[in-house]
Amino acid sequence: MGRIKSKSTTIITRLTKNSSKLFAISFLFLIVTFIFENNPKQEREVLRYPRIPAGKFYMCPAGKHFALADAKMCMTSLHNVLGDSSLPNVDKKFLFVVHITTDSLGQTIFDRGSVTEAGIKNAIRAAGGFYSRIGIEFEAEDSIYVLENPRFDKMGSTDELEENAKLNAKQNRINLFIIDSFDKDLEGAAGIAGSNYMHIASGSANAGTIAHETGHIFSLEHTFGTGDVLAAAAGEPFTSTDELVDGSNCGTAGDFVCDTPADPYIFPSGDETEPVTYFENCIFVYDSVDAKGFYYDPQPGNIMSYYSSTDCPCSSFLTDGQLKRVADKYYTDGENFSWW
């Protein structure tokens, strides 16, 4: 009996010691959890600087560029641009009608070999792919309209674009006017939300430009905000974005979409003595900061940005927020548009 009692006492002593350790560990865990959950500053920091997959880049407030792993990949920003199963389904095919112009010799862009009819129609279908995640498709009408007026072969001012559309745009269609070139350094132009036409230079009549200009018709702004590009192209000062890097005013500034990061792009207005450098080896290196002192980390691959594919050959995309904005516009205002 004595030996049995001694063993029991030993077992009880060990259990008591282990219980004390478990209690101490549990108590420490509760303290850490309480501090974390009741420290808003720490929580904001976690949200602001999430873990970034290898190969992505971001810019820290200290002003240094951090490359995580493969320096050859483009950054995509701190925001999530992956697919979202909650995206609405518009289930709509939009019909495009193509207009081409003639020059002073009566030749069209087809005669000059700038583009081909098949190439344009394929580009229109491909442009629809950027909106396919919300059930939108693009298709070109069989007929192509020739505008035998060389005055419309090269344009630049808003008045000229509006005049051409007023005279020649077809109803219940998205009108694509392909002209020889713009007076200014532009690839295309379209109105924001409600217009049913766009003008694109023949050298830029590709899927990306068509998707970009259609985005404007669908209510999307440039990722750098609402600065007047046509006015800047004419030499007027260009106002950069007022969106903050931390996203705190994303719904009321910039492009009004919260999963497209603040973009500091400035359209050259002719006053610059040398071009602004935004990228070096596919890393965003522009040194400007926002009003809170944070460095920018835009999306160079976003179709609604103005970054060149030569800056960084990122895959092109539209974010979930942009696609939701398009769908919302369709559901709320579609019946008022002549081309729905």
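We count residues from 1, following the sequence as given.
- For M198 against E213, the heavy-atom pair with the smallest separation is SD-CB, 3.6 Å.
- Between Y307 and Y278, the two ring planes are perpendicular [angle over 60°; tilted spans 30° to 60°].
- Of all non-hydrogen atoms in S181 and A201, the two that sit nearest each other are CA-CB, 4.1 Å.
- Enclosure of atom CG in D142 is not indicated, since only 12 or fewer non-hydrogen atoms of other residues, nucleotides or ligands lie within 6.0 angstrom.
- The shortest side-chain heavy-atom distance between I174 and N196 does not fall under the 4.5 Å cut-off.
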Requested in this report: Please report the C-alpha distance between K324 and D259 in whole Å, then the side-chain angles of each, then the deciding distance to 0.1 Å, and finally whether the salt bridge (Lys or Arg N to Asp or Glu O under 4.0 Å) criterion is met.
Outcome: CA-CA 11 Å; K324 287 177 180 177; D259 64 352; over 6 Å; no
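- Under a hydrophobic clustering in which Ile, Leu, Val, Met, Phe, Trp and Tyr are joined whenever their side-chain heavy atoms come within less than 4.5 Å, directly or via other members, I134 and V257 fall into different clusters.
- Interatomic distance, SG of C258 versus CD of Q322, reported as 11.5 Å (0.5 Å rounding).
- A salt bridge does not link E137 to K92: none of the charged nitrogens lies less than 4.0 Å from a carboxylate oxygen.
- Between the CD atom in E148 and the CD1 atom in I100 there is a gap of 10.0 Å [rounded to 0.5 Å].
- Counting only distance, with no hydrogens or angles, the side chain of R112 and the backbone of Q107 share a donor-acceptor pair below 3.5 Å.
- Residue A127 comes nearest to A207 through the heavy atom pair CB-O, 3.4 Å, listed as atom of the first residue, atom of the second, then distance.
- Cluster partners of L244: none. The rule joins Ile, Leu, Val, Met, Phe, Trp and Tyr whenever side-chain heavy atoms lie under 4.5 Å apart, and it links nothing here.
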Report task. Walk me through it: do K121 and E141 pass the test salt bridge (Lys or Arg N to Asp or Glu O under 4.0 Å)? Result -> CA-CA 9 Å; K121 291 182 176 180; E141 189 178 274; over 6 Å; no
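- For the side chain to side chain donor-acceptor pair (under 3.5 Å) with D153, the qualifying choice from T108, T102, T101 is T101, the only one to do so.
- Listed here is the closest heavy atom pair of L95 and A140: CD1-C, 3.9 Å.
- In this structure, Y296 has its ring center no closer than 6.0 Å to that of F284.
- A salt bridge links R151 with E163: the closest approach of a Lys/Arg side-chain nitrogen to an acidic carboxylate oxygen falls below 4.0 angstrom.
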Requested in this report: List the steps and the verdict of salt bridge (Lys or Arg N to Asp or Glu O under 4.0 Å) for K166 and E162.
Outcome: CA-CA 6 Å; K166 184 177 181 180; E162 291 179 350; over 6 Å; no
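- Taking the six-membered ring wherever Trp is involved, the centroid distance between the rings of F130 and F317 does not fall below 6.0 Å.
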Query raised in the report: Could you walk me through whether T223 and Y265 pass the side-chain contact (heavy atoms from CB on, under 4.5 Å) check?
Result: CA-CA 9 Å; T223 54; Y265 180 87; over 6 Å; no
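- Y145 forms part of a hydrophobic cluster together with V97, judged by ILVMFWY side-chain heavy-atom separations under 4.5 Å.
- When the side chains of ILVMFWY residues are joined at heavy-atom separations under 4.5 Å, either directly or via intervening members, F256 and I303 end up in two distinct hydrophobic clusters.
- Although no hydrogens or angles enter the test, the distance criterion places no donor-acceptor pair under 3.5 Å between the side chain of T209 and the main chain of A205.
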Report task. Go through S202 and I179 one step at a time and tell me if the side-chain contact (heavy atoms from CB on, under 4.5 Å) criterion holds. Result -> CA-CA 6 Å; S202 59; I179 64 177; over 6 Å; no
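- In this structure a side-chain-to-backbone donor-acceptor pair under 3.5 Å is missing from N175 to A169.
- For the atom pair NZ of K93 and CZ of R125, the computed distance is 9.5 Å after rounding to the nearest 0.5 Å.
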Query - CA sep, side-chain torsions, deciding dist, call: F94, T214, side-chain contact (heavy atoms from CB on, under 4.5 Å) - result: CA-CA 11 Å; F94 291 96; T214 308; over 6 Å; no
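- For the pair N249/E243, a side-chain contact is recorded, criterion being any heavy-atom separation below 4.5 Å from C-beta on.
- For the 3.5 Å distance criterion, the side chains of D255 and H222 fail to qualify, holding no donor opposite an acceptor.
- Note: Y131 and F218 have perpendicular aromatic rings, judged against thresholds of 30 and 60 degrees for the angle between ring planes.
- Within the 4.5 Å cutoff, side-chain heavy atoms of I144 are placed close to those of E117.
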Report task. Could you walk me through whether I266 and Y286 pass side-chain contact (heavy atoms from CB on, under 4.5 Å), step by step? Result -> CA-CA 11 Å; I266 298 176; Y286 185 51; 3.7 Å; yes
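- The distance from the OG atom of S104 to the NZ atom of K154 is 11.5 Å, given to the nearest 0.5 Å.
- Residues I124 and F96 are in side-chain contact: their nearest non-hydrogen atoms beyond the backbone lie under 4.5 Å apart.
- Using bins of under 30°, 30° to 60° and over 60° for the plane-to-plane angle, the ring pair Y197/H199 lands in the perpendicular bin.
- D242 places a side-chain N or O within donor-acceptor distance of the main-chain N or O of G254, the cut-off being under 3.5 Å.
- Taking 4.5 Å as the limit, every side-chain heavy atom of F152 sits out of range of all side-chain heavy atoms of L161.
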Query raised in the report: Can you list the steps and then say if R133 with D320 is a salt bridge (Lys or Arg N to Asp or Glu O under 4.0 Å)?
Result: CA-CA 9 Å; R133 290 199 293 133; D320 289 351; 2.7 Å; yes
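- Between the CD1 atom in I120 and the CG atom in L176 there is a gap of 7.0 Å [rounded to 0.5 Å].
- Judged by distance alone, the side chain of N122 and the main-chain N or O of A118 form a donor-acceptor pair under 3.5 Å.
- Between Y330 atom OH and I136 atom CD1 the span is 8.5 Å, to the nearest 0.5 Å.
- L105 is not connected to L147 by any chain of hydrophobic side-chain contacts under 4.5 Å among Ile, Leu, Val, Met, Phe, Trp and Tyr, and they are in different clusters.
- Contact of the T319 side chain with the L323 side chain is not registered, since no non-hydrogen atoms from C-beta on lie closer than 4.5 Å.
- Counting heavy atoms from C-beta outward, S248 and K292 have side chains that approach closer than 4.5 Å.
- The side-chain heavy atoms of L318 and N302, taken from C-beta on, include a pair separated by under 4.5 Å.
- With N168 contributing its side chain and N164 its backbone, the two residues share a donor-acceptor pair below 3.5 Å.
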